[in-house]
Amino acid sequence: GDENAAKRRAAVIALRRQGDPAVAAFLSDADPHIAADAARAIHDAETVFGETNPLETALPELAAELVSTSHDSEPFLYRAINANFRLGDPDSAGRLARFATDTDRSLELRLDALDALTQWVEPPLVDRIEGNYRRHEPRDPAPAAAAVAPFLAALLADADPKVREAALRAASPLKIQVDPTALLTVVEDRTAAVDLRIEALRSLAAQEAGQLGPAVDLALGDSEPSLRSVALRQLAILDPEAALARAELVLENRKDIGEAQVAVTTLAELATPAADDRLLAWTRRLSAGEVPLPLQLDVIEAARRRAESVPGIQEALDAFEAARDPADLAASFRECLEGGDAGRGREIFRTHVAAQCVRCHRDSSGAGSTIGPNLLSIGKEKDRAYLLESIIQPQAVIAPGYGAISITKKDGSSVAGLFRKESDSHVEVRTAEGDAVEIPVAEIASRTPVISTMPPMHVLLKKQEIRDLVAYLATLKAK
């Protein structure tokens with residue numbers, strides 16, 4: 001009954017505080033909330049205990065629960081997925097693949113399991129759940145591939161194209177061979193999801209399959225610009241002369257800015273005399289103000305790659321830079337205003353190791369940090385120029401109610417924390433403990449200016465990343 005459940009919940013709390021691996025016994029509790037509490041106790045223990053984590057020995061038990069539990073609790077299952085990822089052994093890889101084939105599980109969880117396999121060989125430096133720094137050594141793909149391969153056919157035959165796409169994406173770093181004829185069929189299928197067709201094309205390239213050439217030819221004639229862009233990168237390897245002609249055609253028409261960006265990058269990658277001539281011409285157009293804003297950063301970065309090898313490129317870049325106002329930081333980042341990829345920007349916002357945007361902000365109406373403002377509607381409320389300035393010069397655009405402040409009172413005491421709001425009679429500060437403190441204006445002896453706690457992101461992010469982040473923030477237009 002409820003009383004018994006309360007006792008079990010109290011036991012989980014006590015065992016968690018003591019760092020007792022016996023808490024793993026509650027992973028199979030009939031109450032999904034108690035089981036989830038046990039999963040949190042084990043999975044999140046390093047945050048509490050540090051590197052001397054006494055609950056590390058219980059991680060295999062949490063990992064094993066992924067394919068044996070009947071619970072559908074997301075907090076439980078996401079942690080079980082990540083426990084397998086952290087362990088990094090072949091059995092764990094097999095459990096992730098087996099879980100991904102379970103059509104009774106939610107699509108989001110199945111895709112997360114496949115994403116874990118995609119990251120298996122080179123794990124990210126940010127923990128997939130907790131977001132803190134966690135270093136894993138690179139892993140040999142062969143043992144994991146052997147464990148995953150028996151499940152691949154079922155994954156590639158799944159009814160949901162997102163599962164098929166994710167399975168192909170996971171197969172490449174694990175070096176699992178997929179039937180190239182079947183992959184070519186996917187590329188040919190114009191009724192298939194474009195992301196699935198792209199992954200099929202990339203898989204052919206990763207396998208260096210003989211069907212890659214025909215697949216590239218098919219993709220170049222497709223109506224989907226994202227598929228054509230991937231095909232152009234492959235064509236540059238297969239036939240540089242044909243790739244140059246294709247890049248010139250794309251840049252002449254510029255029907256899709258993303259495809260045009262890839263074409264500019266291709267000019268630098270080709271590194272042939274003819275491609276260098278075209279890139280020099282585009283760099284001179286840049287200094288003359290004739291390159292569209294969404295394409296400027298791509299021309300700049302492509303030109304920098306070839307500046308030492310191609311006479312005239314550095315001079316054209318110098319002329320472009322000389323036209324900027326050195327006193328205006330925003331002017332130095334103007335090329336980041338347009339042309340970004342919102343999808344990549346979302347990943348930067350949520351997972352970038354240095355930027356750590358989600359530590360202070362939310363991009364949804366759900367739970368998250370309130371240190372900084374909720375950005376759910378920022379794209380509707382502010383233009384791109386504001387978004388860019390807030391990223392590179394946060395001190396210049398502190399949102400009302402945010403920023404650090406220190407107040408000294410007339411009695412000699414002081415209050416420091418985040419500035420929340422101010423009226424004619426009071427100043428409200430939220431302390432480090434999370435308490436809201438109202439200080440009467442009449443009692444204030446001195447106060448510091450409100451200072452943004454956000455670092456200038458141009459020292460942490462590359463320009464491409466800033467452009468993508470601007471693009472993503474511009475899409476946040478919730479009511």
Side-chain angles (χ1 to χ4, degrees), residues 47-48 130-133 327-333 336-337 345 348-350 352-461 466 469-470 472-479:
T47 303
V48 178
E130 297 179 84
N132 54 340
Y133 176 82
D328 184 358
L329 182 62
S332 298
F333 287 82
C336 299
L337 282 170
I348 291 167
F349 185 93
R350 295 178 178 176
H352 195 280
V353 176
Q356 296 279 305
C357 302
V358 292
R359 287 297 180 94
C360 296
H361 299 285
R362 290 180 289 176
D363 61 350
S364 69
S365 57
S369 176
T370 58
I371 294 174
N374 190 336
L375 304 179
L376 180 62
S377 304
I378 193 69
K380 181 173 65 175
E381 298 165 357
K382 304 294 183 180
D383 62 17
R384 286 174 179 254
Y386 177 94
L387 298 177
L388 176 60
E389 187 175 26
S390 69
I391 292 170
I392 63 174
Q393 290 181 291
Q395 187 61 36
V397 287
I398 300 174
Y402 296 91
I405 188 171
S406 178
I407 295 175
T408 301
K409 299 171 68 175
K410 292 177 179 178
D411 64 6
S413 63
S414 61
V415 179
L418 293 178
F419 172 79
R420 300 304 290 172
K421 59 184 177 181
E422 181 175 5
S423 67
D424 292 339
S425 59
H426 289 81
V427 174
E428 183 178 319
V429 176
R430 188 177 68 182
T431 66
E433 292 74 29
D435 300 324
V437 179
E438 287 192 347
I439 306 159
V441 172
E443 297 180 9
I444 296 176
S446 64
R447 55 191 284 184
T448 63
V450 179
I451 300 173
S452 174
T453 56
M454 174 178 164
M457 286 294 157
H458 69 278
V459 301
L460 302 174
L461 298 175
I466 292 174
L469 189 55
V470 169
Y472 173 57
L473 295 176
T475 68
L476 301 180
K477 298 182 179 181
K479 296 180 180 180

Student: Tell me if a side-chain donor or acceptor on His458 pairs with a main-chain N or O of Ile392 at a distance below 3.5 Å.
Tutor: yes
Student: Got a second to check how far Cys357's SG is from Leu469's CG, nearest 0.5 Å?
Tutor: 5.5 Å
Student: Using side-chain heavy atoms (C-beta onward) and a distance below 4.5 Å, is Pro456 in contact with Pro394?
Tutor: yes
Student: Do the side chains of Asp363 and Arg350 get nearer than 4.5 Å, heavy atoms only?
Tutor: yes
Student: Step by step, work out the side-chain contact (heavy atoms from CB on, under 4.5 Å) result for Leu387 and Ile378.
Tutor: CA-CA 8 Å; Leu387 298 177; Ile378 193 69; 3.4 Å; yes
Student: With rounding to the nearest 0.5 angstrom, report the CD to CG distance, Glu389 to Asp328.
Tutor: 8.5 Å
Student: Under the salt bridge (charged side-chain N to carboxylate O under 4.0 Å, His left out) definition, can you give me all pairs with a residue in residues 438-451, not counting sequence neighbours?
Tutor: Lys409-Glu443, Glu422-Arg447
Student: Quick check: closest heavy atoms across Phe333 and Ile466, and the distance to 0.1 Å?
Tutor: CE2-CD1, 3.8 Å
Student: Once you round to the nearest 0.5 Å, how far does SG of Cys360 lie from CG of Leu375?
Tutor: 10.5 Å
Student: Drop me the distance from Ile348's CD1 to Met457's CE, to the nearest 0.5 angstrom.
Tutor: 11.5 Å
Student: Distance-only, no hydrogens or angles: does the Ser406 side chain make a donor-acceptor pair with backbone N or O of Thr448 under 3.5 Å?
Tutor: no
Student: Shortest non-hydrogen contact from Val429 to Ala416?
Tutor: CG1-C, 4.0 Å
Student: Given side chains that start at C-beta, do those of Leu460 and Pro455 come closer than 4.5 Å, heavy atoms only?
Tutor: yes
Student: Can you find a pair of side-chain heavy atoms, one from Leu461 and one from His352, that are under 4.5 Å apart?
Tutor: yes
Student: List the atom of Glu428, the atom of Ala436, and the distance in Å for their closest heavy-atom pair.
Tutor: OE2-CB, 3.7 Å
Student: Can you tell me how the ring of Phe349 sits relative to the ring of His361, calling it parallel under 30°, perpendicular over 60° and tilted otherwise?
Tutor: tilted
Student: CG of Leu473 to OG of Ser390: how many Å apart, nearest 0.5 Å?
Tutor: 7.0 Å
Student: Between Arg384 and Leu337, is there a donor-acceptor pair closer than 3.5 Å when you use the side chain of the first and the backbone of the second?
Tutor: yes
Student: If only atom types and distance count, is the side chain of Lys380 paired as donor or acceptor with the main-chain N or O of Leu476 below 3.5 Å?
Tutor: no
Student: Please check this pair: side chain of Thr408 against backbone of Ser446, looking for a donor-acceptor N/O pair closer than 3.5 Å.
Tutor: no
